[in-house]
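Inspection log for the structure reproduced underneath, given as structure tokens.
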Number of protein chains: 2
Amino acid sequence: MRKDGKSGFTARGEATRLRIIEAAAEIVYAEGAAGMSLDEVMDASRTSKSQLYHYFCDKDALIQEVIGRQTRRIVEANAPHLDKLDSFDALRSWCNMIIEANRTFGAIGGCPLGSLASELSAQSEQARAGLANGFEAWRSIIAEGLARMKNQDKLMPSADTQALSMAFVAAIQGGILLSKTSRNSQPLEVALNMALSHIERYVVAPAER
Amino acid sequence: MRKDGKSGFTARGEATRLRIIEAAAEIVYAEGAAGMSLDEVMDASRTSKSQLYHYFCDKDALIQEVIGRQTRRIVEANAPHLDKLDSFDALRSWCNMIIEANRTFGAIGGCPLGSLASELSAQSEQARAGLANGFEAWRSIIAEGLARMKNQDKLMPSADTQALSMAFVAAIQGGILLSKTSRNSQPLEVALNMALSHIERYVVAPAER
DNA sequence: CACGAATTGGACTGTTCAGTCCATTTTTGG
DNA sequence: CCAAAAATGGACTGAACAGTCCAATTCGTG
């Protein structure tokens with residue numbers, strides 16, 4: 001047995017494992033965790049039952065991996081924007097990216113993390129904890145971006161970056177949910193405008209700095 | 001056959017029908033629509049299979065009734081507060097009611113409408129439409145309350161009550177989702193504070209009126 | 001190359017579930 | 001009180017599904 005990293009799987013095995021998670025993530029996004037059948041995953045990932053149970057101890061374990069993958073994807077998609085947050089305009093353009101992304105991919109399925117959180121938080125403590133970590137990771141990079149703005153004197157010292165970032169995630173989630181339900185991007189736009197205004201109160205006017 | 005109202009069922013039949021909807025609503029709230037089995041509904045409502053199919057053409061039709069029931073309950077719970085909205089403080093105390101209600105009943109299950117919307121909007125066009133109506137009914141009574149405040153010169157004429165009410169529902173939904181996932185009421189509180197501040201900008205100061 | 005480990009194929013099982021069907025009981029209106 | 005309609009009981013069916021199991025194949029390494 002060759003040890004590649006610490007996974008205990010060979011390169012081929014690891015590739016299969018990833019293919020399964022990828023396929024499962026898509027199906028979960030489209031049909032929910034309860035709606036995903038292992039047969040569908042087998043078809044979509046070109047694997048067999050024994051492979052599924054070779055790499056994951058049961059369906060719940062696979063769902064848990066899907067949660068991790070979706071968290072990583074969201075953080076990866078947002079970090080580039082948040083890492084160079086240096087003005088209120090930059091914040092606004094990040095919001096526009098979210099609106100655009102929702103229009104393009106999420107108009108029907110919504111936020112992959114939000115949908116899973118809604119479905120699983122009350123059903124599985126393990127899933128709930130994983131999803132809470134996911135939201136926290138997301139909120140955290142937003143908070144860091146805001147903190148950076150504060151350090152650059154773009155935001156007032158009184159701005160509570162922890163609370164502001166949390167409110168932002170809430171606005172995103174609520175907006176996406178209403179947009180998905182009404183099939184209209186307006187609720188998300190309205191919610192993000194609220195979140196932006198909320199932060200705008202703490203923006204330091206150019207003259208002041 | 002006696003015609004009671006327009007339902008086509010006798011009083012006993014109508015009572016059975018309601019008992020089924022009530023039981024289904026509780027189970028759906030606890031386990032989701034996909035997680036609800038008809039056998040559970042039968043047990044909880046003390047009915048048989050044939051009764052379920054006598055009153056509802058299939059499971060989807062029953063779920064649709066559950067959506068209607070939950071909408072009505074939310075509107076009924078909020079209307080008393082929103083009908084006498086006459087100050088920013090009244091708005092604030094309505095928010096406190098929401099936080100309290102969430103702590104008491106919804107800490108685990110979240111918002112019955114929000115959870116269903118998240119689960120079903122992408123799966124069933126009929127359910128999505130029903131849920132969109134539900135959110136719209138809720139938003140609408142909030143908008144009416146804000147409009148009343150505007151008529152009483154408590155809010156500036158420039159306040160867009162339609163957009164403000166929509167943002168409020170988004171904040172509620174996002175806050176409830178994060179609170180349910182993190183098992184902490186703080187996200188909901190933070191989100192509602194944001195929504196309140198957002199409206200506070202349009203409050204007419206006592207001196208001005 | 002050979003041997004053990006990793007990987008894969010796929011049949012099989014037991015359960016759960018939505019939906020069907022027919023028989024029985026209860027109620028209603030004349 | 002009696003026929004017709006409404007309401008109910010509950011067995012049954014077929015499909016979907018998670019999970020098990022054993023055999024076959026491929027791969028890595030000495």
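Keep in mind that this is a model prediction, so the values were computed, not measured. We name chains A, B, ... by the order of the sequence lines, and we start the count at 1 in each one.
- For B:Q51, no side-chain nitrogen or oxygen approaches OP1 or OP2 of D:dA7 to under 4.0 Å.
- The main-chain N or O of A:S37 is found under 3.5 Å from a side-chain atom of A:E40 such that the two form a donor-acceptor pair.
- When the side-chain nitrogen and oxygen atoms of B:S50 are compared with OP1 and OP2 of C:dC21, none of them lie within a distance under 4.0 Å.
- A donor-acceptor pair is defined here as one N or O able to donate and one able to accept, closer than 3.5 Å; such a pair exists between the side chain of A:S165 and the backbone of A:Q162.
- In this structure, the CZ atom of B:R46 is 18 Å from the C1' atom of D:dG10, given to the nearest Å.
- Whole-Å rounding puts the B:H54 NE2 to D:dG10 C1' distance at 16 Å.
- For A:T10 and C:dT7, the shortest distance from a side-chain N or O to OP1 or OP2 is below 4.0 Å.
- Contact check for B:S182 versus B:P187: side-chain heavy atoms found under the 4.5 Å cut-off.
- By the 4.5 Å heavy-atom criterion applied to side chains, B:R19 and B:T47 are counted as neighbours.
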Distances for protein N or O near nucleotides 15-19 of chain D N or O, under 3.5 Å:
unit_1: D:dA18; atom_1: OP1; unit_2: A:M36; atom_2: O; d: 3.3
unit_1: D:dA18; atom_1: OP1; unit_2: A:K59; atom_2: NZ; d: 3.2
unit_1: D:dA18; atom_1: OP2; unit_2: A:L38; atom_2: N; d: 2.8
unit_1: D:dA18; atom_1: N7; unit_2: A:K49; atom_2: NZ; d: 3.4
unit_1: D:dG19; atom_1: OP2; unit_2: A:Y53; atom_2: OH; d: 2.9
unit_1: D:dG19; atom_1: OP2; unit_2: A:K59; atom_2: N; d: 3.1
unit_1: D:dG19; atom_1: O5'; unit_2: A:Y53; atom_2: OH; d: 3.3
unit_1: D:dG19; atom_1: N7; unit_2: A:K49; atom_2: NZ; d: 2.8
unit_1: D:dG19; atom_1: O6; unit_2: A:K49; atom_2: NZ; d: 2.8

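- Rounded to whole Å, atom C1' of C:dA18 lies 15 Å from atom CZ of B:F56.
- Spacing between atom CE of B:M42 and atom P of C:dG19 amounts to 13 Å, rounded to whole angstrom units.
- Taking atom CD1 of B:I63 as the reference point, atom C1' of C:dC17 lies 14 Å away to the nearest angstrom.
- Using a distance-only test at 3.5 Å, with no hydrogens or angles considered, no donor-acceptor pair links the side chain of A:S118 to the main chain of B:E119.
- Atom CZ of A:R17 is separated from atom P of C:dT8 by 13 Å (rounded to the nearest Å).
- Residue B:Y55 is in sugar-phosphate contact alone, with no base atom involved, counting any heavy-atom pair closer than 4.0 Å across all strands shown.
- What separates CG of A:L52 from P of D:dC21 is a distance of 17 Å, to the nearest Å.
- Sorted by first then second residue, the salt bridge (Lys or Arg N to Asp or Glu O under 4.0 Å) pairs that include residues 50-63 of chain B, not counting sequence neighbours, number zero.
- Counting heavy atoms from C-beta on, the side chains of B:D89 and B:R92 come closer than 4.5 Å.
- Dashed line: the shortest gap from a side-chain N or O of A:R12 to OP1 or OP2 of C:dT8 is under 4.0 Å.
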